[in-house]
Amino acid sequence: MDYLITLAILIGLSVALASSFNLIIGYAGLVSIAHPVFYAIGAYVSALLARELGLPVPLAMLCGALAAAAASAAVALPSLRVSGDYLLIASIGFQLGVLEAIKNISVTGGAGGLTNIPAFLVQDGGKGAYAALVIAFAALTVWLNWRIAHGPYGRALSAMRDDETAFAGLGRNAVAMKVAVFAFGSGIAGLAGALYAHYFRFVTPEQFEILQSAALLTMVVVGGVRTTWGPVLGAVLLQALPQAITFVDLPPAILGPLQGLLFTGLVLVFMVLRPQGLIAAGEAWHPAKKYSAEKYSAKTRGDA
């Protein structure tokens, strides 16, 4: 039973991460693969505040989410002012830099990891309640993603993504919108990291490296970019599949690279054979039916 509860928690966290990542890379069109580093920031900040300062765990979790959102804004703002392509370079550099700092700072436990993280809700058989909390968080993330993508803000995101010059010509601040959605998605990742840390009570830098970025990208691409349920399906499948592989009697030296090859191989296969993913996106995703800035302007005038 404990195994199934832990698997449900991992799937719930993956759903929240994939959905928030889809909001950034799919709906907003921001090219970044550093989502796991904000997951790490939330985990480490929450764990250290609760362990070293004795902060109540719920408050520490909130601080972890806010720290991840603030860090993402600090990375995105200067990059997006130059060019959106620089966000990819900045995000990779930021991810590598933060992980190297974590590995070389004693307070974070160094490369060996951070231990003795205060637990939350799991004492006295409360793992089921924690799983319910994580699943509720994942469901809320999916719902917020749907509300944002299918509301006026989502129409603005589509217009900005398809033609940023025309969108700016309508008097909208594209950079501010990009930073806001990047911070929002990263804040969700930070809260997911905090939930992870206070359940497993141990985090290590290796859990947040490029392999995790490949896993998240695979979940979104395989499930379906710019869809509500695509990242959910991708997260469930690709979180359950590695668990099934662990039942194969393989040495760890082979099992780890095999999982990495699985993630990257699935991305390449789906990009060639089914680029729309398992769940195809609607009208806004089709290249010939883009939600242009002109349509957004007309819709805005109609709403007014």
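In this text, all values refer to a predicted model and were calculated from it rather than measured experimentally.
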Spatial distance of atom [atom1] ([X]) from atom [atom2] ([Y]) [nearest 0.5 Å]:
X: Ile188; Y: Leu23; atom1: CD1; atom2: CG; answer: 7.0 Å
X: Gln95; Y: Ile41; atom1: CD; atom2: CD1; answer: 10.0 Å
X: Leu99; Y: Thr108; atom1: CG; atom2: OG1; answer: 10.5 Å
X: Glu209; Y: Thr204; atom1: CD; atom2: OG1; answer: 8.0 Å
X: Lys178; Y: Asn173; atom1: NZ; atom2: CG; answer: 10.5 Å
X: Ile92; Y: Ser213; atom1: CD1; atom2: OG; answer: 8.5 Å

For the residue pair [X] and [Y], what are the closest heavy atoms and their distance?
X: Pro78; Y: Ala73; answer: CD-O, 4.4 Å
X: Leu114; Y: Ala47; answer: CD2-CB, 3.6 Å
X: Ala90; Y: Val75; answer: CB-CG1, 4.1 Å
X: Leu88; Y: Ser91; answer: O-OG, 2.8 Å
X: Ala43; Y: Gly193; answer: CB-O, 3.3 Å
X: Asn22; Y: Gly224; answer: OD1-O, 4.5 Å

Consider ring pair (Phe, Tyr, Trp, His ring centres under 6.0 Å). Of Phe184, Phe208, Phe182, Phe21, which one does Phe38 pass it with?
Phe182
Expected output: side-chain [X] to main-chain [Y] donor-acceptor under 3.5 Å:
X: Ser46; Y: Met61; answer: yes
X: Glu100; Y: Gly97; answer: no
X: Arg51; Y: Thr115; answer: yes
X: Arg201; Y: Ile117; answer: yes
X: Tyr196; Y: Ala40; answer: no

Using a 4.5 Å cut-off on heavy atoms from C-beta on, say whether the side chain of [Y] contacts that of [X].
X: Phe120; Y: Leu195; result: no
X: Leu216; Y: Val220; result: no
X: Thr141; Y: Asn145; result: no
X: His198; Y: Tyr130; result: yes
X: Leu217; Y: Ile25; result: yes
X: Val181; Y: Ile148; result: no
X: Arg172; Y: Met177; result: yes
X: Lys127; Y: Tyr199; result: yes

Do [X] and [Y] land in one hydrophobic cluster if side-chain heavy atoms of ILVMFWY residues count as linked below 4.5 Å?
X: Leu59; Y: Leu53; answer: yes
X: Leu157; Y: Trp143; answer: yes
X: Leu96; Y: Ile33; answer: yes
X: Ile135; Y: Leu7; answer: no
X: Phe200; Y: Val45; answer: yes

Show your working on side-chain contact (heavy atoms from CB on, under 4.5 Å) between Leu233 and Thr227 and close with a plain yes or no.
CA-CA 10 Å; Leu233 179 60; Thr227 64; over 6 Å; no
Trace of the ring-ring contact (aromatic ring centres under 6.0 Å, His included) decision for Tyr27 with Tyr153
CA-CA 10 Å; Tyr27 288 111; Tyr153 197 83; over 10 Å; no
Check whether more than 12 heavy atoms from other residues, nucleotides or ligands sit under 6.0 Å from atom CZ of Arg274, and answer yes or no.
yes
Tell me which donor-acceptor pairs under 3.5 Å the side chains of residues 8-20 have, and how far apart each pair is, sequence neighbours excluded?
residue	atom	partner	partner atom	Å
Ser14	OG	Leu10	O	2.9
Ser14	OG	Gln239	NE2	2.6
Ser19	OG	Val15	O	3.0
Ser20	OG	Ala16	O	2.9
Ser20	OG	Leu17	O	3.0
Ser20	OG	His35	NE2	2.9

